[in-house]
J.: 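Have a look at this one.
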There are 2 protein chains.
Amino acid sequence: MAERGRPRSFDRTVALRRAMEVFWAKGYEGASLADLTGAMGINSPSLYAAFGSKEALFGEAVALYGETEGTAIWHAIPEAPTAREAIRRFLEATAEAFSAPGKPPGCLIVLGALHAGEASTGVCRDLRARRAGNVETLRARFERAVLEGELPMGFDCTAAATFYATVQHGMSIQALDGAAREALLAVARGAMAAWDGLVSSAGPRGAPRGAPQEASGAGTQRGSDC
Amino acid sequence: MAERGRPRSFDRTVALRRAMEVFWAKGYEGASLADLTGAMGINSPSLYAAFGSKEALFGEAVALYGETEGTAIWHAIPEAPTAREAIRRFLEATAEAFSAPGKPPGCLIVLGALHAGEASTGVCRDLRARRAGNVETLRARFERAVLEGELPMGFDCTAAATFYATVQHGMSIQALDGAAREALLAVARGAMAAWDGLVSSAGPRGAPRGAPQEASGAGTQRGSDC
DNA sequence: TCTTTTTTGTATTGATCGATACAGAAATCT
DNA sequence: AGATTTCTGTATCGATCAATACAAAAAAGA
């Protein structure tokens with residue numbers, strides 16, 4: 001534990017949180033080194049000594065985001081007694097988080113790096129994998145609800161997970177456009193209004209055609225080059 | 001009509017279309033002058049002589065996008081006999097357009113410039129205004145449906161418009177993540193499943209609390225700085 | 001105290017950004 | 001033809017990008 005050289009003059013965790021806020025507000029490519037070092041209160045050599053590179057710093061910032069902001073949004077998914085309650089709380093928590101005063105609007109994982117621009121292919125791919133993991137989390141919750149009898153056997157868990165993930169992604173855009181908390185909560189209520197329709201469309205023969213997009217595995221994807 | 005100097009050696013409309021595709025695929029900040037001039041087949045002085053600046057070129061590209069790609073998505077809103085049919089066709093056309101082979105996934109107006117980065121505040125504001133106009137288009141269609149008796153008097157047109165716009169925005173993210181056409185169509189069906197719930201929640205007294213976000217006017221918006 | 005190790009601040013690197021200066025080329029007008 | 005006007009290609013502008021070289025500074029180990 002004995003550390004040898006000159007001690008670091010800043011708190012690494014605090015600096016990382018500042019960096020996360022900058023990336024959150026401006027995105028990966030929009031956040032310049034000058035923005036980051038300015039917010040972190042350090043010079044660029046200290047940043048590179050402590051975090052390695054801008055991309056590595058972003059990776060740590062996203063991980064921190066998932067551990068802090070993300071838990072408030074996602075904790076209800078496994079904890080709620082029913083899938084319906086889980087999704088309702090998930091969407092409500094999203095509305096609250098995306099309109100939290102003093103914090104950037106929307107989601108870092110959705111808005112952080114959409115376009116894969118040469119130097120940010122790795123960053124974009126990481127975020128995309130996280131989004132795919134989130135869809136998978138929703139899908140698994142629906143699967144559980146089917147096993148528990150809350151949802152009918154023919155229920156299309158993948159389609160439902162994709163639908164609610166899509167709504168949540170759209171809420172990031174709405175938040176960025178200045179939607180107030182009430183507007184986001186209204187969107188959440190609208191999405192919950194789809195619940196009965198989604199369940200009833202899973203009749204014995206009327207199972208809606210599935211939505212591919214398997215979470216893992218290299219399925220046939222078109223989409224962007226990130 | 002007689003033009004004086006040396007004639008332009010390229011087709012301005014063709015070059016603009018190429019620029020639109022570059023902006024569409026890479027976003028405003030992600031598209032460099034080298035990307036643009038390379039795709040347009042001209043040198044930078046010709047670009048500046050013909051379009052003025054990168055920002056002005058983007059403005060023309062967005063306008064062209066609205067006149068070409070946009071019409072396929074939005075034409076059903078005024079033309080369909082009922083609001084329900086209008087929204088259904090609108091979402092289906094969105095799913096088709098966002099997964100069209102040979103074209104970039106998602107929507108230029110949604111993905112073109114989300115973060116307002118210093119030099120792109122004007123660009124970001126323009127896109128935001130277009131998105132607000134789209135929400136207003138949906139809201140006006142719902143209002144018409146109320147007047148025509150298709151929807152009950154207590155129907156919250158603003159909330160419904162915000163909800164369906166949010167779903168469509170989320171579909172851009174899904175498309176960027178590689179969602180195939182079937183997956184996007186499943187999202188559209190999911191959103192339509194919300195219809196009955198939205199209508200029935202507009203009971204004589206149970207009108208859901210409104211979603212602010214007026215389209216024009218400087219209401220109290222938090223949100224980003226663009 | 002002296003060496004070793006690590007961090008810090010200053011200054012700078014090559015690359016790329018959007019945007020132009022300039023001169024030659026190609027058209028119309030007188 | 002000669003003057004005028006506009007466009008084209010080359011070459012480059014200052015600014016900013018992410019990333020470092022370097023030496024002084026501040027700690028522990030010998």
J.: In whole Å, what is the span from the CZ atom of A:Arg6 to the P atom of C:dT7?
T.: 10 Å
J.: Counting side-chain heavy atoms from CB outward, which of D:dC7, C:dA21, C:dT8 is closest to B:Arg8?
T.: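 From the listed options, D:dC7 comes nearest.
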J.: Between A:Ser9 and C:dT7, is there a side-chain N or O to OP1/OP2 distance below 4.0 Å?
T.: no
J.: Would you kindly give the CE-to-P distance between B:Met40 and D:dT8, to the nearest whole Å?
T.: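 It works out to 11 Å between those atoms.
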J.: Do A:Asn43 and A:Ser46 pair up side chain to side chain, a donor and an acceptor below 3.5 Å, judged on atom types alone?
T.: no
J.: Out of C:dT5, C:dA19, D:dT6, which has the shortest distance to the side chain of B:Ser53?
T.: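 The closest nucleotide is C:dA19.
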J.: What is the ring orientation for A:Phe163 with B:Phe163, classed by angle as parallel under 30°, tilted 30 to 60°, or perpendicular over 60°?
T.: perpendicular
J.: Nearest whole angstrom, please: distance from the P of C:dA19 to the CG of B:Leu47.
T.: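 Rounded to the whole Å, the gap is 9 Å.
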J.: Using atom CZ of B:Phe58 as one end and atom P of C:dC17 as the other, report the distance to the nearest whole Å.
T.: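 It works out to 17 Å between those atoms.
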J.: What integer distance in Å separates A:Phe10:CZ from D:dA27:C1'?
T.: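 Atom-to-atom, A:Phe10 to D:dA27, this comes out as 16 Å.
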J.: Base, sugar-phosphate, or nothing: which does A:Pro7 touch, judged by heavy atoms less than 4.0 Å apart?
T.: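 A:Pro7: backbone/sugar contact only, no base atoms under 4.0 Å.
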J.: So, B:Asp35 versus B:Ser32: side-chain donor-acceptor pair below 3.5 Å or not?
T.: yes
J.: Whole angstrom is fine here: how far is it from CZ in A:Phe51 over to C1' in C:dT7?
T.: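 Those two atoms, CZ and C1', are 14 Å apart.
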J.: Hey, could you give me the CZ/CG distance between B:Phe10 and B:Leu47, rounded to the nearest 0.5 Å?
T.: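 One gets 7.5 Å once the value is rounded to the nearest 0.5 Å.
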J.: Let me know the distance between NZ of B:Lys54 and P of C:dG18, rounded to the nearest Å.
T.: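 Atom-to-atom, B:Lys54 to C:dG18, this comes out as 4 Å.
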J.: Does OP1 or OP2 of D:dG9 have a side-chain N or O of B:Asn43 closer than 4.0 Å?
T.: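 Answer yes for this pair, as a side-chain N or O of B:Asn43 is under 4.0 Å from OP1 or OP2.
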J.: Provide the full list of salt bridge (charged side-chain N to carboxylate O under 4.0 Å, His left out) pairs with a residue in residues 89-102 of chain B, sequence neighbours left out, each pair given once.
T.: B:Glu85-B:Arg89, B:Arg88-B:Glu92, B:Glu96-B:Arg181
J.: Write down the distance between OH (A:Tyr48) and C1' (D:dA18), rounded to a whole number of angstrom.
T.: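 To the nearest whole Å, that distance equals 4 Å.
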J.: Taking only side-chain nitrogens and oxygens of A:Ser32, does any of them come within less than 4.0 Å of OP1 or OP2 of D:dC17?
T.: yes
J.: Starting from the 5' end of DNA chain C, give me the residue, B:Ser44 or B:Gly5, whose nearest nucleotide shows up first.
T.: B:Ser44
J.: Measure from the side chain of A:Ser46, starting at C-beta and using heavy atoms only, and say which of D:dA18, C:dG18, C:dG9 lies closest.
T.: C:dG9
